[in-house]
Amino acid sequence: TIHAVRGQSMRQSMSAAGSWAVPARAGMLALLLVAGMGSVSGNAVAQGDAKRGQYLSKAAGCMACHTEDKKEAVPYAGGRALKTPFGTFYGPNITPHPEAGIGRWSESDFMRAMRLGERPDGAHYFPAFPYASFTRISDSDLRDLRAYLGALPQSSRANQAHDLRFPFSLRVLVTGWKWLFFTPGPLASDSRRTPVVGRGAYLVQALGHCGECHTPRNFLGGSNRDRLLAGSRTGPDGKSVPNLTPTKLKKWDDTELKEFLQTGLTPDGDVAAEAMGEVIRNTTSQLTPEDLAAVVAYLRAIPPLADEPK
């Protein structure tokens, strides 16, 4: 996810029967009720590698959507507001607290949320939770992510109800949205991609869910799949979101692009806007050198697309 223009912001998800999904305030709401710790409460460790899961949580931008935007906020305890044309969503508590958080979730609950966008009771999640991207995450990565979330300190902070306009508050409408715009399943392999480009595709399309903000949407909030990562004039918070295809990024060499993703500084001395700055702090600057190189390689390999007409 790359946003270098001064004063512009990036990210956040649409929801209901058409809404912004997204990240980065990387992500998304990124992991809008992700993970679960079986039926065990407390700091019980789930199956999976929690240390690796911590890295994955950074690659997925979970902190931004699940932590209040204030000093001394408890990480992952929820409360971050996401304003959309359909109302305001609030990121939930994803600590392993058995009542306030997700401590009673089973592994199947977690997998169903991430793969299908369904709550443990079978109801739909609003697509403010970017499960359209997270459905592509591998089983092993989901287990590791779940293990990390299960090792977090518990928080009893209660979740705040979404404040949505009618009829977008009706979850039943998400049935139609999914039928039109949601295809569950892993990221499709492409034999034309090198392993490095394939890794970058996974980081950008699945974990990083960059397309949730950087791909334009129709009036129902469905992504225009023919314009993947081509930017949008009407992105989250009503701000424009930049084109990530080679049409724009060809102006920067690989070193300059990596420098931006690590520091937020552009070749001409600008700095990343506030929302993208958070993505850089929490996500892209935390990637390993190999993964950062893979992201750059993938962005170089996708088809160049023109900006949307003004």
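Only a predicted model underlies this, so the values are computations on that prediction, with no experimental measurement involved. For this chain, numbers begin at 1 and follow the sequence in order.
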Provide the closest heavy-atom pair for [X] versus [Y] in the form atom of the first, atom of the second, distance.
{"X": "Ala100", "Y": "His97", "answer": "N-ND1, 3.0 Å"}
{"X": "Gly150", "Y": "Pro96", "answer": "O-CG, 3.6 Å"}
{"X": "Thr135", "Y": "Gly185", "answer": "OG1-N, 2.9 Å"}
{"X": "Pro167", "Y": "Leu173", "answer": "O-CD1, 3.2 Å"}
{"X": "Leu265", "Y": "Val271", "answer": "CD2-CG1, 3.5 Å"}

Any link between [X] and [Y] through a network of hydrophobic side chains (Ile, Leu, Val, Met, Phe, Trp, Tyr) touching at under 4.5 Å?
{"X": "Ile302", "Y": "Trp252", "answer": "yes"}
{"X": "Leu116", "Y": "Trp179", "answer": "no"}
{"X": "Met111", "Y": "Leu187", "answer": "yes"}

*Dump the intermediate steps for side chain to side chain contact (heavy atoms under 4.5 Å, CB included) on Thr175 and His124, then the final yes or no.*
CA-CA 7 Å; Thr175 302; His124 295 299; 2.9 Å; yes
With a 4.5 Å cut-off on side-chain heavy atoms, are [Y] and [X] touching?
{"X": "Leu229", "Y": "Cys210", "value": "yes"}
{"X": "Lys258", "Y": "Val296", "value": "yes"}
{"X": "Tyr76", "Y": "Ser155", "value": "no"}
{"X": "Met63", "Y": "Pro75", "value": "yes"}
{"X": "Pro303", "Y": "Thr245", "value": "no"}
{"X": "Tyr202", "Y": "Arg136", "value": "no"}
{"X": "Leu249", "Y": "Arg300", "value": "yes"}
{"X": "Val174", "Y": "Pro127", "value": "yes"}

Do the side chain of [X] and the main chain of [Y] share a donor and acceptor less than 3.5 angstrom apart?
{"X": "Thr84", "Y": "Phe86", "result": "yes"}
{"X": "Ser169", "Y": "Leu164", "result": "no"}
{"X": "His66", "Y": "Pro92", "result": "yes"}
{"X": "Arg193", "Y": "Ala301", "result": "no"}
{"X": "Asn159", "Y": "Asn93", "result": "yes"}
{"X": "Thr215", "Y": "Ser223", "result": "no"}
{"X": "Arg143", "Y": "Gln47", "result": "no"}
{"X": "Arg112", "Y": "Pro120", "result": "yes"}
{"X": "Thr95", "Y": "Gly101", "result": "no"}
{"X": "Arg146", "Y": "Gly53", "result": "no"}

*Gln205: what forms a side chain to side chain donor-acceptor pair (under 3.5 Å) with it, not counting sequence neighbours?*
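With neighbours one apart ignored, the set is Tyr298.
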*asked:* My understanding is that only residues two or more places apart in sequence, or in another chain, count here; which of them pass side chain to side chain donor-acceptor pair (under 3.5 Å) with Thr194?
replied: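 So Thr194 forms no side chain to side chain donor-acceptor pair (under 3.5 Å) with any residue.
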Salt bridge or not between [X] and [Y]? Use side-chain N to carboxylate O under 4.0 Å.
{"X": "Glu278", "Y": "Arg80", "answer": "yes"}
{"X": "Lys51", "Y": "Asp49", "answer": "no"}
{"X": "Arg157", "Y": "Glu68", "answer": "yes"}
{"X": "Arg115", "Y": "Asp139", "answer": "yes"}
{"X": "Arg199", "Y": "Glu290", "answer": "no"}

For the [atom1] atom of [X] and the [atom2] atom of [Y], what is their distance to the nearest 0.5 Å?
{"X": "Ile137", "Y": "Leu145", "atom1": "CD1", "atom2": "CG", "result": "7.0 Å"}
{"X": "Ser57", "Y": "Asp144", "atom1": "OG", "atom2": "CG", "result": "11.0 Å"}
{"X": "Leu257", "Y": "Asp253", "atom1": "CG", "atom2": "CG", "result": "8.5 Å"}
{"X": "Ile280", "Y": "Phe260", "atom1": "CD1", "atom2": "CZ", "result": "4.0 Å"}
{"X": "Ile94", "Y": "Leu152", "atom1": "CD1", "atom2": "CG", "result": "7.5 Å"}
{"X": "Asp141", "Y": "Leu56", "atom1": "CG", "atom2": "CG", "result": "4.5 Å"}

_Using side chain to side chain contact (heavy atoms under 4.5 Å, CB included), reason through Leu82 and Thr88 one step at a time and then give a plain yes or no._
CA-CA 5 Å; Leu82 168 60; Thr88 301; 5.7 Å; no
*asked:* Apply side chain to side chain contact (heavy atoms under 4.5 Å, CB included) to residues Thr183 and Arg225 and explain how you reach the verdict.
replied: CA-CA 12 Å; Thr183 303; Arg225 298 171 185 173; 3.7 Å; yes
*Answer yes or no for Lys178 and Tyr125: cation-pi contact, defined as NZ/CZ to six-membered ring centre under 6.0 Å and angle to ring axis within 45°.*
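No, a cation-pi geometry is absent between Lys178 and Tyr125.
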Please check if any side-chain donor atom of [X] sits under 3.5 Å from a side-chain acceptor atom of [Y], or the reverse.
{"X": "Asp307", "Y": "Asn243", "value": "yes"}
{"X": "Glu212", "Y": "Ser133", "value": "yes"}
{"X": "His214", "Y": "Ser232", "value": "no"}

*Centres of the Phe182 and Trp177 rings: under 6.0 Å?*
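No - the distance between ring centres of Phe182 and Trp177 does not fall below the 6.0 Å cut-off.
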*Kindly indicate, with the supporting measurements, whether the criterion side chain to side chain contact (heavy atoms under 4.5 Å, CB included) is fulfilled by Arg119 and Arg171.*
CA-CA 11 Å; Arg119 303 191 313 192; Arg171 290 184 187 270; 3.6 Å; yes
*asked:* Quick one, Lys251 with Glu256, criterion salt bridge (charged side-chain N to carboxylate O under 4.0 Å, His left out). Give me CA distance, side-chain angles, the key distance, then yes/no.
replied: CA-CA 9 Å; Lys251 298 178 181 179; Glu256 291 169 336; over 6 Å; no
*Partner set under ring-ring contact (aromatic ring centres under 6.0 Å, His included) for Tyr55, not counting sequence neighbours*: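 Partners of Tyr55 by the ring-ring contact (aromatic ring centres under 6.0 Å, His included) criterion come out as none, since no residue qualifies.
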*In terms of the angle between their ring planes, are Phe129 and Phe134 parallel, tilted or perpendicular, with boundaries placed at 30° and 60°?*
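The rings of Phe129 and Phe134 sit tilted, inter-plane angle from 30° to 60°.
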_Partner of Leu203 by side chain to side chain contact (heavy atoms under 4.5 Å, CB included), out of Thr284, Thr283, Leu292, Asp291_ =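 The passing option is Asp291.
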